[in-house]
Amino acid sequence: MENSTQIFGIRAVIEAINAKKAIDKVFIQKGLQGELSHELEALLRKEGINNSYVPVEKLNRLTKNNHQGVVAQISPIAFYDLEDLVLNVIESGKTPLFLLLDQLSDVRNFGAIIRTAECTGVDGIIIQKSGSAPVNGDTIKTSAGAVFKIPICKVDHIKDAMFLLQVSGIKVIAATEKTENTLYDVSFKEPCAIIMGSEGRGINPSVLKLVDAKAKLPLLGEIESLNVSVACGAFLYEAIRQRR
């Protein structure tokens, strides 16, 4: 990470959080003690900011500055307010197409999905504050710069985003193998949002219970699943095909 995308030092990170800076993740040295570190940890919990405890060697690789046991990654983009974005898309007269990512954690998959979403005219990508891949240098590179061209929203919980979409008349469709329907059996013609799960777990079962429809990709070989970014591309292009 470049220095322009980092904050280091406990007090500096606390002040950045209080100033509502777009912080993707905070790395904290294992075993860090003291009043300020406890204040930081409480603030991270309150704000739902991604964080992990790492050896000091990891922090030393991130920055050569005096980090005091804490380094934060700042997002290079400004995140959109979901409610405002949904309202703007609906008022534009378009048929909304959103993408929800349920704690997708790999930055390269995230970047590839952003690139495909931008190419397919997705109106916005919605991620959860905790457990999601950060927008960092690898994300930007893999997205081929698309991260600067498509709205991305961060929400406290994916379920909250789903409720907002649904009350706005936008159907939520889950990409999951836990159904008999293929993506060719489901209509993407009306306003909809496609939800993709994480690389290992897929869509959280509690989230899956709340969707309006489920669809899977037909797999004819011996491998049981596709990479999530590839699967996402197949779903988005099927939406395009149906809407033509």
Side-chain angles (χ1 to χ4, degrees), residues 80 82-83 85-86 88-90 92 94-106 109-128 131-133 139 142-143 146-147 149-155 157-219 225-244:
Y80 284 67
L82 178 58
E83 190 169 354
L85 179 61
V86 170
N88 289 339
V89 172
I90 291 172
S92 73
K94 294 178 61 180
T95 302
L97 177 60
F98 288 95
L99 184 61
L100 296 116
L101 304 179
D102 184 18
Q103 295 186 302
L104 187 91
S105 59
D106 186 279
N109 281 335
F110 188 26
I113 285 172
I114 293 170
R115 183 175 183 173
T116 304
E118 199 282 329
C119 288
T120 52
V122 168
D123 295 301
I125 298 172
I126 303 157
I127 62 175
Q128 187 168 286
S132 297
T139 316
T142 313
S143 78
V147 70
K149 300 178 183 294
I150 185 169
I152 300 177
C153 304
K154 262 191 176 183
V155 295
H157 301 288
I158 284 292
K159 292 179 186 177
D160 295 336
M162 292 171 62
F163 291 143
L164 175 60
L165 292 166
Q166 288 166 330
V167 299
S168 301
I170 298 170
K171 180 173 70 173
V172 178
I173 302 170
T176 175
E177 77 283 357
K178 296 173 182 174
T179 180
E180 294 303 314
N181 296 322
T182 72
L183 76 167
Y184 309 117
D185 301 319
V186 175
S187 173
F188 296 90
K189 292 181 180 180
E190 61 264 43
C192 65
I194 299 167
I195 181 167
M196 308 296 301
S198 64
E199 293 86 355
R201 183 189 61 188
I203 298 172
N204 190 303
S206 64
V207 171
L208 201 56
K209 290 178 181 178
L210 303 174
V211 303
D212 300 297
K214 301 174 186 176
K216 67 180 179 180
L217 286 166
L219 299 174
S225 64
L226 288 172
N227 172 278
V228 64
S229 65
V230 175
C232 184
F235 271 81
L236 291 175
Y237 274 100
E238 174 60 15
I240 287 179
R241 186 192 70 80
Q242 291 189 18
R243 292 181 177 200
R244 291 178 65 85

Once rounded to the nearest 0.5 Å, what's the spacing between atom [atom1] of [X] and atom [atom2] of [Y]?
X      : Y      : atom1 : atom2 : answer
Ile240 : Phe188 : CD1   : CZ    : 11.5 Å
Glu190 : Ile173 : CD    : CD1   : 6.5 Å
Leu99  : Cys153 : CG    : SG    : 11.5 Å
Leu104 : Gln128 : CG    : CD    : 12.0 Å
Ser229 : Asn109 : OG    : CG    : 4.5 Å
Leu101 : Ile158 : CG    : CD1   : 7.0 Å

*Residues two or more places apart in sequence or in another chain: which of them pass side-chain contact (heavy atoms from CB on, under 4.5 Å) with Ala175?*
Met196, Phe235
*asked:* I'd like to check the side-chain contact (heavy atoms from CB on, under 4.5 Å) partners of Arg243; sequence neighbours left out, ordered by chain and number.
replied: Thr95, Leu97, Cys192
*Count the heavy atoms belonging to other residues, nucleotides or ligands that lie under 6.0 Å from CD of Gln242, then report whether that count exceeds 12.*
yes
Tell me yes or no: between the side chains of [X] and [Y], is some donor less than 3.5 Å from an acceptor?
X      : Y      : value
Lys159 : Ser206 : yes
Asn204 : Gln103 : no
Ser105 : Glu199 : yes

Check: [Y] and [X] side chains under 4.5 Å, non-hydrogen atoms:
X      : Y      : result
Met162 : Val211 : yes
Leu210 : Val172 : no
Leu183 : Pro218 : yes
Leu85  : Asp123 : no

_Asp185 side chain vs Thr182 backbone, donor-acceptor pair below 3.5 Å_ = yes
*Look only at the side chain of Lys171 and the backbone of Ser187, and say whether a donor-acceptor pair between them is shorter than 3.5 Å.*
yes
Locate the shortest heavy-atom distance separating [X] from [Y]; write the atom from each residue and the value.
X      : Y      : result
Ile90  : Ser168 : CD1-O, 3.8 Å
Thr142 : Ala112 : CG2-N, 3.6 Å
Ile126 : Ala161 : CG2-CB, 3.8 Å
Ala193 : Ile170 : N-CG2, 3.7 Å
Gly233 : Thr116 : CA-CG2, 3.8 Å
Phe110 : Ile125 : CE1-CG2, 4.5 Å

*Check the pair Asp102, Arg201 against side chain to side chain contact (heavy atoms under 4.5 Å, CB included), reporting the backbone distance first and the verdict last.*
CA-CA 10 Å; Asp102 184 18; Arg201 183 189 61 188; 4.0 Å; yes
*asked:* Using the rule given for side chain to side chain contact (heavy atoms under 4.5 Å, CB included), can you reason through Ile114 versus Thr139, listing the C-alpha separation, both sets of side-chain angles and the distance that settles it, and then say yes or no?
replied: CA-CA 9 Å; Ile114 293 170; Thr139 316; 3.8 Å; yes
*Going through the distances and angles, do Val89 and Phe98 end up as a side chain to side chain contact (heavy atoms under 4.5 Å, CB included)?*
CA-CA 10 Å; Val89 172; Phe98 288 95; 3.9 Å; yes
*Hey, which of Leu100, Leu82, Asp160, Leu164 is the one that makes side chain to side chain contact (heavy atoms under 4.5 Å, CB included) with Val155?*
Leu82
*With side chain to side chain contact (heavy atoms under 4.5 Å, CB included) as the test, would you mind laying out the steps for Lys216 and Thr176 before giving the verdict?*
CA-CA 5 Å; Lys216 67 180 179 180; Thr176 175; over 6 Å; no
